[in-house]
Amino acid sequence: MCQLHELANKRRISVTGASKLLANILYSYLGMVLSVGTMIAGWDEMGPGLYYVDSEGGRLKGTRFSVGSGSPYVYGVLDNWYDMSIEEAAELARRVFIMQHSLMESVVELLAKLSGDDVGELHYKYFPVMPSTVEQEMVEVAGEFGSC
């Protein structure tokens, strides 16, 4: 959608415009039990922009947001680190990434131990790989020629 805007208007969409576009799309799904909380962040002609967009198409402009199940805890961290330098912000981002990655690995490993499942197979158990239409047709055609 943002690329269509760029093609039609000969300039990139603004952060405000992108957030409004997402809000309008989500509003069109109102009542369909979506659960969305996302941040739109970027830099345009107006400078930096940050918006929070929710499932109902609500949109808030702000200077800092935390989205997701850990949001209440992250707000405490953001309050303590609000006036930070670029180097401090980069360090905070590294810490968050490492903590999130470590937590997810721990959760997956714990679930695998409790269930006795092979972690490598869990993804395919819940998200099976389905052949595309073209791949399926190729298998069918190959089967027809193989039976001659």
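Values reported hereafter were calculated over all heavy atoms of this structure, with side chains retained and with hydrogens, waters and symmetry mates removed. Predicted model only: the values in this text are computed from it and were never measured.
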Next on the checklist: Looking at every non-hydrogen atom in both residues, tell me the closest pair between S28 and I25 and how far apart they are.
Outcome noted: OG-O, 2.5 Å
Checklist entry - What pairs of residues pass the side-chain hydrogen bond (donor to acceptor under 3.5 Å, both in side chains) test when at least one of them lies in residues 39-54, not counting sequence neighbours? => result T16-Y51
Checklist entry - Which residues, ordered by chain and number, are linked to Y27 in its hydrophobic cluster, where ILVMFWY side chains connect at heavy-atom gaps below 4.5 Å, directly or through other members? => result L30
Checklist entry - Taking all non-hydrogen atoms of both residues, which atom of L50 and which atom of A41 are closest, and how far apart? => result CD1-CB, 3.7 Å
Checklist entry - Quick check: does any side chain N or O of S19 sit under 3.5 Å from a backbone N or O of I40, one acting as donor and the other as acceptor? => result no
Item to check | Separation of L26 CG from R59 CZ (nearest 0.5 Å) | outcome: 12.0 Å
Checklist entry - Looking at S55 and L34, what are the two nearest heavy atoms and their distance? => result OG-O, 3.3 Å
Next on the checklist: Other residues, nucleotides and ligands only: do more than 12 of their heavy atoms fall within 6.0 Å of CZ on R12?
Outcome noted: no
Next on the checklist: Could you see if M46 belongs to whatever hydrophobic cluster contains L22? Use Ile, Leu, Val, Met, Phe, Trp, Tyr and a side-chain cutoff under 4.5 Å.
Outcome noted: no
Checklist outcome for this item: Taken in chain and number order and not counting sequence neighbours, the residues that satisfy side chain to side chain contact (heavy atoms under 4.5 Å, CB included) with S85 are E87, E88
